[in-house]
Amino acid sequence: PSTIDAVRIGLPRKGIDLIGIPEAAKRVPASIVDGQFSMYFLAAVALLHGGMTWNDYGLLGDPAVRKMMERIEVAIDPEIEAHFPTIAARVEVVAGDKTIRRVNWTPKGEPKNPLDWDEVEAKFASLARAVYADEHCARIVKMVRSLELLDEVGELTALLGPPNR
């Protein structure tokens, strides 16, 4: 991350409307919801930490994240816009004399590019750990894996209630 000079993210107009403008506000997200709708914040965290999880919203206001956000540009990409409503993005990372460009036409998790079971489980765990202990998460996953064997769906819904802490 320290060698990155610039990151340019190209989105369709609807994407820009949701997570790119107004730029001044999107560059200083103050809450989790602000962070969820800030391409600058999300990209900076992903660049610095290799991904984005629920716990990363704790990085709101982090100096390293803010510094990375300064190097990020978000704009309408005409080619991406021409393929709307496809949810796509173009990313260009410039580091010194090297430039890496990638287009993702179908993000992971979309119906045409679904998560596999391990990815679903990892996503669930990353979100559920904010509420449940690891053992509780494992019990939920085990039950969902054998959902067709449940006699009563109440067994699962009982696990999904408030934690007993």
Side-chain angles (χ1 to χ4, degrees), residues 1-134 137 140-141 144 160 163:
S2 64
T3 64
I4 295 173
D5 297 313
V7 177
R8 296 180 192 99
I9 300 170
L11 300 171
R13 165 46 99 194
K14 292 292 185 187
I16 295 291
D17 290 346
L18 286 172
I19 59 177
I21 59 174
E23 183 178 341
K26 299 297 183 179
R27 287 189 176 277
V28 288
S31 68
I32 290 173
V33 173
D34 290 347
Q36 289 173 317
F37 289 92
S38 168
M39 184 75 259
Y40 303 94
F41 174 75
L42 298 169
V45 170
L47 288 162
L48 290 168
H49 298 282
M52 179 73 197
T53 68
W54 184 258
N55 290 337
D56 290 324
Y57 291 109
L59 297 171
L60 286 163
D62 179 87
V65 173
R66 292 222 183 223
K67 186 173 181 174
M68 181 59 75
M69 288 170 65
E70 293 171 4
R71 294 180 254 168
I72 296 171
E73 301 169 22
V74 180
I76 296 172
D77 183 295
E79 183 181 15
I80 301 295
E81 176 67 21
H83 285 85
F84 187 79
T86 299
I87 300 173
R90 179 182 313 278
V91 177
E92 180 178 277
V93 179
V94 179
D97 62 347
K98 296 180 182 177
T99 300
I100 299 169
R101 291 179 188 88
R102 296 284 187 273
V103 175
N104 186 340
W105 292 106
T106 308
K108 196 68 170 167
E110 290 297 310
K112 291 182 180 178
N113 190 14
L115 300 175
D116 64 30
W117 177 258
D118 290 338
E119 292 166 323
V120 169
E121 190 174 326
K123 183 173 183 176
F124 168 75
S126 76
L127 295 168
R129 283 188 186 122
V131 179
Y132 299 125
D134 288 346
C137 289
I140 293 170
V141 168
V144 169
L160 299 176

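Across every non-hydrogen atom of Val28 and Met69, the tightest pair is N-CE, 4.3 Å. Asp77 approaches Arg90 most closely through the heavy-atom pair OD2-NE, 2.6 Å. In this structure, Glu70 and Arg27 approach most closely via the heavy-atom pair CA-NH1, 4.0 Å. When all heavy atoms are compared, the tightest approach of Tyr132 to Pro163 is CD2-CB, 3.9 Å. Considering all non-hydrogen atoms of both residues, Glu79 and His83 come closest at O-ND1, 2.9 Å. Here the closest non-hydrogen pair linking Phe124 and Cys137 is CE2-O, 3.8 Å.
Of the inter-residue distances, the one linking Tyr40 atom OH with Ile9 atom CD1 reads 8.5 Å to the nearest 0.5 angstrom. Expressed to the nearest 0.5 Å, how far CD of Glu121 lies from CG of Asp116 amounts to 10.0 Å. In this structure, the separation between CG on Leu48 and CD1 on Ile4 is 7.5 Å, given to the nearest 0.5 Å. Note: Ile72 CD1 to Phe41 CZ = 10.5 Å, rounded to the nearest 0.5 Å. Rounding to the nearest 0.5 Å gives a distance of 6.5 Å between OG1 of Thr86 and NZ of Lys112. Taking CG of Leu59 as the start and OG1 of Thr53 as the end, the distance is 8.5 Å to the nearest 0.5 Å.
Side-chain contact check for Arg129 versus Asp134: some heavy-atom pair is nearer than 4.5 Å. For the pair Lys98/Ile100, no side-chain contact is recorded, criterion being any heavy-atom separation below 4.5 Å from C-beta on. Leu11 has its side chain out of reach of Ile80: every pair of non-hydrogen atoms, C-beta onward, lies at least 4.5 Å apart. Val131 has its side chain out of reach of Trp54: every pair of non-hydrogen atoms, C-beta onward, lies at least 4.5 Å apart. In this structure, the side chains of Trp105 and Ile87 stay at 4.5 Å or more apart for every pair of heavy atoms. Looking at heavy atoms from C-beta onward, Lys26 lies out of side-chain contact with Ile19 at the 4.5 angstrom threshold.
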*Determine, stepwise, if the pair Arg8 / Glu73 fulfils salt bridge (charged side-chain N to carboxylate O under 4.0 Å, His left out).*
CA-CA 5 Å; Arg8 296 180 192 99; Glu73 301 169 22; 3.7 Å; yes
*Take Tyr57 and Asp34, measure what side chain to side chain contact (heavy atoms under 4.5 Å, CB included) needs, and give me the verdict at the end.*
CA-CA 10 Å; Tyr57 291 109; Asp34 290 347; over 6 Å; no
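Not a single donor-acceptor pair under 3.5 Å links the side chain of Lys14 to the backbone N or O of Glu81.
Using a 4.0 Å cut-off between charged nitrogen and carboxylate oxygen, Arg71 and Asp5 do not count as a salt-bridge pair.
When the side chain to side chain contact (heavy atoms under 4.5 Å, CB included) test is applied to Asn113, the partners found at least two apart in sequence or on another chain are Thr106, Lys108.
Shown here is Phe37, whose CZ atom has no more than 12 heavy atoms of other residues, nucleotides or ligands within 6.0 Å.
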